[in-house]
Undergrad: 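Once you've had a glance at the structure underneath, I'll fire off some questions.
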Amino acid sequence: MIDLDAAGSAVALLAGSLDAWIWVIPGLLIGLVFGAMPGISVSMAMALVLPATLYMEFLPAIIFLTSVYTGAGFGGSVPAVLMNIPGTSSAVATTFDGYPMARAGKHNEALGLALVASCLGVLGSYIVLFVLVQPLAELVLRIGPFEMAAIAIWGMILLGSLGGKSLSRGLFAAGIGILIGTVGMNTAGYLRGTANIPELLDGVPTIPAMVGLLAASQLFGLVNTHFLVESEEDRQISLRRIIAGGMMTFRHPVTLIRGSMIGALVGAAPGVGSSISNLLSYAEARRASKDRDSFGKGNPEGVIASESANSSSEGGSMATMLALGIPGGGATAILLAAFAMHNVVGGPRFMDQNRDIVYAIILSNFAQAVLLLFVGTGFVFCASAIVRLPLRFLIPCVLVMATMGSFAIEGSIAGPATLFVFAVLGWLMSSAGYPVAAVVVGLLLGRLIETEMLRAWQLAGGDPAEVLNHPAAIGIILLMCLSLGVSAWQERRRRRAKDLIGVG
Amino acid sequence: MREGGGIRIEWGQLALVTALAGLALAYLIDARSVSLSTQNLLLLQPTAIIVLILWAVIAYGCIRRGETDEGPSKADWAGRARVLAMVAAFGAFIFSLERIGYDIAMALFVCAGLWIGGERRPLVLVLFPLIFTAAAILGFRALVPYPFPTTLL
């Protein structure tokens with residue numbers, strides 16, 4: 001599994017090259033700053049620095065870009081925790097518990113948790129990559145539409161879990177989200193629900209809609225509040241509490257390991273990556289928890305589950321990129337572009353002939369994960385100052401930044417207009433007690449589920465029995481049913497125990 | 001809100017859920033008018049039907065129970081008016097971006113947002129929006145590859 005000779009050469013390569021190291025901290029800082037800006041995605045941050053790598057050697061260039069990737073991966077969780085703004089779809093689940101923690105004055109702890117979970121997630125996924133890069137890539141090739149549809153349905157099941165106390169409202173919100181996610185032209189060429197608006201041909205712009213639903217709607221609700229954290233005592237920015245929050249991560253090793261595994265595996269699947277892995281990991285953490293009702297109200301496990309999964313997706317997507325030359329998303333596509341700029345073609349041949357460079361990239365990412373811990377702590381300390389700003393300043397400024405971010409994604413007024421429409425929808429729905437997060441998850445998964453179901457349907461020629469020829473898909477569905485059955489049984493036992501205590 | 005005979009109807013909640021269900025129904029009709037093929041309706045039709053069934057459940061809940069009998073207090077009304085003013089200001093900001101330029105729209109919105117939030121110092125109301133707008137416009141112009149119309153900057 002590990003080519004020890006190549007690993008030795010990789011260590012020598014890194015030890016003998018100062019260039020390979022001097023770009024790590026600048027890369028992490030650039031990634032953190034850009035990742036924390038609403039609307040600037042990981043891939044956009046990498047695209048902005050890509051031209052600068054033209055004049056670097058190949059290895060330092062790739063290490064610089066992966067540093068930006070690692071930094072931006074965590075940077076997105078800072079606005080998710082502090083302002084309920086998921087900078088990218090991979091930080092959606094971080095908002096579920098991170099933001100309630102921040103509102104309760106636990107912003108230091110929430111950011112510390114997110115940082116340590118992210119660092120450990122990156123580290124874990126690269127360890128998996130170091131040991132299993134080849135088998136993991138081969139496994140990815142076996143994931144077809146049936147398996148993807150099964151994974152997406154697993155994600156959909158979690159929609160019910162976001163319903164809070166009223167299941168009907170949760171499912172209604174999720175259904176509305178799925179319907180919004182299917183607007184536009186589907187992969188079979190049918191055009192629905194566009195109301196003759198050409199901007200909707202490709203569907204509703206996801207990121208502006210998501211920011212509108214989660215963040216802008218919340219900001220409207222805060223107009224009558226003076227500070228993000230009401231208690232002056234809790235508004236303190238404390239390095240000690242950030243570190244204490246980080247240490248809290250170690251109290252939930254199962255959540256951390258499960259999140260990292262889900263992130264690495266799902267992240268390796270092209271086109272899915274971290275946007276679904278954080279949701280799956282969150283759903284699994286909630287399902288497995290004894291204190292299920294506290295999820296969505298500031299449970300630290302929710303933050304750990306989401307952050308460990310979205311950061312470990314980086315290692316997964318790097319496996320597909322390095323071993324197969326297939327970019328799983330925008331960020332790995334830019335890495336492949338950097339390969340091309342240096343006249344290197346990624347893929348199986350590169351992997352075979354330059355295993356020392358592949359190992360050097362992986363080993364450098366171990367160091368990046370450790371350095372992120374220190375650079376990230378300083379960044380988080382500065383970013384936390386936002387809780388001390390009066391909301392009368394913060395609300396219009398954040399709304400403006402979100403508007404400009406939406407413009408930056410779409411390149412037209414369609415982004416800001418979408419942001420406004422979904423901000424109003426989110427505000428109305430959250431005022432009426434609907435879980436807006438369920439709309440967001442439906443919106444994210446709606447198109448994915450439809451696309452994969454359609455591909456599976458087309459491959460099967462309309463015969464549902466074809467699924468029997470895909471044991472992995474059946475396995476995923478059986479595992480899902482089993483886990484749901486176990487949690488239903490545990491819930492029943494818990495209720496019975498409560499009833500007995502009540503009778504006693 | 002309380003109706004005669006002890007029946008409570010949450011009119012606001014009922015209107016919202018009915019409007020959303022109405023949109024789902026309109027979307028289903030639109031999709032069915034495009035094609036009745038399975039490849040068009042595979043996910044959309046069952047989801048829309050489930051949404052309509054859930055509408056009935058939620059609407060029934062809106063008619064049966066009411067959480068408060070008393071109307072909102074004066075302070076509540078003032079708070080709601082502030083929220084509505086912020087929503088309206090944000091809407092005006094978005095729809096004026098292309099008409100009066102991103103810079104002027106941004107400065108006016110930040111000023112309005114400060115006012116709605118309770119800021120009354122004239123110097124802050126004038127200077128803060130101007131400085132913030134200049135920084136935001138110049139920063140995004142350096143970062144964003146697309147041009148956006150401005151009037152002054």
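Heavy-atom basis, side chains included; hydrogens, waters and symmetry copies ignored. Lettering of chains follows the sequences in order, A, B, ..., and the numbering in each one begins at 1.
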Undergrad: Treating B:Tyr27 as the side-chain partner and A:Ile180 as the backbone partner, does any N or O pair qualify as donor plus acceptor under 3.5 Å?
TA: no

Undergrad: With a 4.5 angstrom heavy-atom cut-off, which part of A:Val421 approaches chain B: side chain, backbone, both or neither?
TA: neither

Undergrad: Roughly how far apart are A:Asn224 CG and B:Arg80 CZ, rounded to 0.5 Å?
TA: 11.0 Å

Undergrad: Rounded at 0.5 Å granularity, tell me how far CZ in B:Phe90 sits from CG in A:Leu419.
TA: 4.5 Å

Undergrad: Could you tell me whether the side chain of B:Ile53 reaches within less than 4.5 Å of the side chain of A:Phe172, counting heavy atoms only?
TA: no

Undergrad: Report the distance from atom CG of A:Asn186 to atom CG of B:Leu44, rounding to the nearest 0.5 Å.
TA: 9.0 Å

Undergrad: Are there more than 12 heavy atoms of other residues, nucleotides or ligands under 6.0 Å from atom CH2 of A:Trp427?
TA: yes

Undergrad: Is it the side chain or the backbone of A:Tyr434 that comes within 4.5 Å of chain B heavy atoms, both, or neither?
TA: side chain

Undergrad: Restricting to side chain to side chain donor-acceptor pair (under 3.5 Å), what partner residues turn up for B:Asn40, sequence neighbours left out?
TA: A:Arg192

Undergrad: Heavy-atom distances under 4.5 Å only: say whether A:Ser168 touches chain B with side chain, backbone, both or neither.
TA: both

Undergrad: Chain A contacts: which residues in residues 127-139 of chain B have a non-hydrogen atom closer than 4.5 Å to it?
TA: B:Phe128, B:Phe132

Undergrad: Starting at CD1 of A:Ile178, measure out to OG1 of B:Thr47 and round the result to the nearest 0.5 Å.
TA: 5.0 Å

Undergrad: What part of A:Ile395 lies closer than 4.5 angstrom to a heavy atom of chain B: side chain, backbone, both or neither?
TA: side chain

Undergrad: In terms of heavy-atom proximity below 4.5 Å to chain B, should A:Leu425 be classed as side chain, backbone, both, or neither?
TA: side chain

Undergrad: Any pair with a residue in residues 136-153 of chain B that passes side chain to side chain donor-acceptor pair (under 3.5 Å), sequence neighbours left out, goes on the list, sorted by first then second residue, please.
TA: B:Arg141-B:Thr150

Undergrad: Which donor-acceptor pairs under 3.5 Å do the side chains of residues 455-464 of chain A make with protein atoms, sequence neighbours left out?
TA:
from	atom 1	to	atom 2	distance (Å)
A:Arg455	NH1	A:Glu452	OE1	3.4
A:Gln458	NE2	B:Gln39	OE1	2.8
A:Asp463	OD1	A:Ala465	N	3.1

Undergrad: Centroid-to-centroid, A:Phe407 to B:Phe140, below 6.0 Å?
TA: no

Undergrad: Given the rule in the side-chain contact (heavy atoms from CB on, under 4.5 Å) test, do A:Leu179 and B:Val51 qualify, once you have shown the distances and angles that lead to the verdict?
TA: CA-CA 9 Å; A:Leu179 290 177; B:Val51 164; 4.2 Å; yes

